[in-house]
Amino acid sequence: MELHIADHPLIAHKLTVLRDERTDPGRFRGLTEELVALLAYEATRNIRVVDKEISTPVCPMTGTKLSSPRPVVVPILRAGLGMLDGMLKMLPTAEVGFLGLVRDEETLEAHAYANRLPSDLRDRQVFVIDPMLATGGTLAMAIDFLLERGVSDVTAICLVSAPEGVRHIEERYEGIANVTVHTAALDEKLNEKGYIVPGLGDAGDRMYGIV
C-alpha cells in the first residue's frame with residue numbers, strides 16, 4: 001500500500017478550519033470541497049491518458065486527453081457525498097458509483113445498506129472518497145466490493161486518517177491488490193469509541209446535521 005500525506009500550507013490551513021468545532025455546516029461543506037480538489041490533484045497524477053491531435057490558433061499539435069474507459073469515482077455515503085463535487089471539478093467526465101456503508105458504533109464493523117456500482121469494473125481506474133480512514137473497516141469493505149467487480153488497483157482519498165486504519169488496509173491487501181491512500185493528515189490514534197484523535201468529529205453530522 002502506498003500512503004501519501006499532503007504537505008502543503010493551503011491544505012494545512014483549510015484542514016485546521018475544518019477541524020475547528022466552531023465551523024458551521026455550510027463552511028464545513030465548502031472547505032471539504034476545496035480540500036478534495038487539492039488532494040485530487042495529486043491523487044490523479046497517474047491517471048491514464050492518450051495523445052490527442054488538435055489545432056491551436058497558431059499551428060497543429062499533439063496534446064493529451066483522458067483515455068477510455070472513463071475513471072470511476074465512488075463516494076461512501078453519506079459523508080463521502082460531500083466530497084463528490086470537489087472530485088468532479090477535477091474529473092468532470094468521470095462516472096460515479098455509490099456505496100452506502102454504516103459503522104456499528106459498538107462493534108465498529110461496517111455494514112452495507114446500498115450498492116450502486118457497475119457490475120464490471122475491469123480496466124477501470126477507481127477513486128474511493130470518504131472523509132475518514134479510522135479503523136479501516138469501511139474502506140476495506142468498499143475495496144472488497146470493487147475487487148469482486150474486477151478492479152485491480154484502488155485509490156482512496158480521505159481528509160484525515162488514523163495509523164490503525166492505515167495498518168489494517170496495508171496488512172489486509174498485501175499481495176492482493178494495489179491500494180493507494182491520499183490524505184490531508186495522518187493523525188495520532190483512535191480513541192476508545194473508534195474516533196480519530198484529534199480528528200474532526202463525525203464528518204457526516206458536521207456536513208448535514210445529526211440524524
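Keep in mind that what you see is a predicted model, and the values were worked out from it rather than measured.
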Exercise. Tell me the side chain to side chain donor-acceptor pair (under 3.5 Å) pairs involving residues 146-165, sequence neighbours left out?
Worked result: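 Listed once each, the pairs are S161-T183.
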Problem set entry | Pairwise side chain to side chain donor-acceptor pair (under 3.5 Å) hits with a residue in residues 84-95, at least two apart |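 Qualifying pairs: E33-K89, R70-E95, E95-R124.
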How far apart are the closest heavy atoms of [X] and [Y], and which atoms are they?
| X | Y | answer |
| --- | --- | --- |
| L190 | A162 | CD2-CB, 3.6 Å |
| Q125 | N46 | NE2-O, 3.3 Å |
| I169 | A140 | CD1-N, 3.8 Å |
| P69 | D123 | CG-O, 3.7 Å |
| V36 | G86 | CG1-C, 3.9 Å |
| A40 | M90 | CB-CG, 3.9 Å |

Find the distance between [atom1] ([X]) and [atom2] ([Y]) and round it off to the nearest 0.5 Å.
| X | Y | atom1 | atom2 | value |
| --- | --- | --- | --- | --- |
| E34 | L15 | CD | CG | 12.5 Å |
| L39 | I129 | CG | CD1 | 11.0 Å |
| L35 | H13 | CG | NE2 | 9.5 Å |
| M132 | L139 | CE | CG | 13.0 Å |
| K65 | K52 | NZ | NZ | 5.0 Å |
| F28 | D205 | CZ | CG | 10.0 Å |

Problem set entry | Derivation of the side-chain contact (heavy atoms from CB on, under 4.5 Å) call for N115 and F98 | CA-CA 6 Å; N115 176 0; F98 296 91; over 6 Å; no
Checking [X] now: which residues fulfil side chain to side chain contact (heavy atoms under 4.5 Å, CB included) with it, not counting sequence neighbours?
| X | answer |
| --- | --- |
| V58 | T56 |
| A79 | P131, A203 |
| D20 | R22, T23 |
| H8 | L10, I11 |

Check the surroundings of atom [atom1] in [X]: do more than 12 heavy atoms from other residues, nucleotides or ligands lie under 6.0 Å from it?
| X | atom1 | result |
| --- | --- | --- |
| R116 | CZ | no |
| D120 | CG | yes |
| E53 | CD | yes |

Exercise. Among V181, I157, D187, whose side-chain contact (heavy atoms from CB on, under 4.5 Å) with L133 holds?
Worked result: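 Only match with L133 under side-chain contact (heavy atoms from CB on, under 4.5 Å): V181.
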Exercise. Residues two or more places apart in sequence or in another chain: which of them pass salt bridge (Lys or Arg N to Asp or Glu O under 4.0 Å) with K189?
Worked result: none
For this session: Tell me, please, which residues at least two apart from D144 pass salt bridge (Lys or Arg N to Asp or Glu O under 4.0 Å).
Result: R172
A side-chain contact here means heavy atoms from C-beta on lying under 4.5 Å apart; do [X] and [Y] qualify?
| X | Y | answer |
| --- | --- | --- |
| Y173 | V154 | no |
| L200 | E21 | no |
| L186 | P163 | yes |
| P198 | R19 | yes |
| L121 | L146 | yes |
| I76 | V128 | yes |

Seminar exercise, completed: Besides V50, the hydrophobic cluster formed by Ile, Leu, Val, Met, Phe, Trp and Tyr side chains linked at under 4.5 Å, directly or via other members, contains none
Exercise. Considering residues at least two apart in sequence or located in another chain, which fulfil the side-chain hydrogen bond (donor to acceptor under 3.5 Å, both in side chains) criterion with R167?
Worked result: none
Transitively linked via ILVMFWY side-chain contacts under 4.5 Å: [X] with [Y]?
| X | Y | result |
| --- | --- | --- |
| V96 | I47 | yes |
| L81 | Y113 | yes |
| V197 | V160 | no |
| M1 | I5 | yes |
| L91 | V49 | yes |

For this session: For Y208 and G82, indicate whether the former's side chain and the latter's backbone hold a donor-acceptor pair under 3.5 Å.
Result: yes
Exercise. Under the 3.5 angstrom rule, does the side chain of R206 hit a backbone N or O of L18 as a donor-acceptor pair?
Worked result: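 The answer is yes, because a donor-acceptor pair under 3.5 Å joins these two groups.
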Seminar exercise, completed: Quick note, ring pair (Phe, Tyr, Trp, His ring centres under 6.0 Å) partners involving residues 115-168, not counting sequence neighbours, are none
Exercise. Looking at residues at least two apart in the chain, or sitting in another chain, which of them share a ring pair (Phe, Tyr, Trp, His ring centres under 6.0 Å) with H4?
Worked result: H182
For this session: I would like to know whether L38 and K14 meet side-chain contact (heavy atoms from CB on, under 4.5 Å); could you show each step before the answer?
Result: CA-CA 10 Å; L38 292 170; K14 292 176 186 295; 4.1 Å; yes
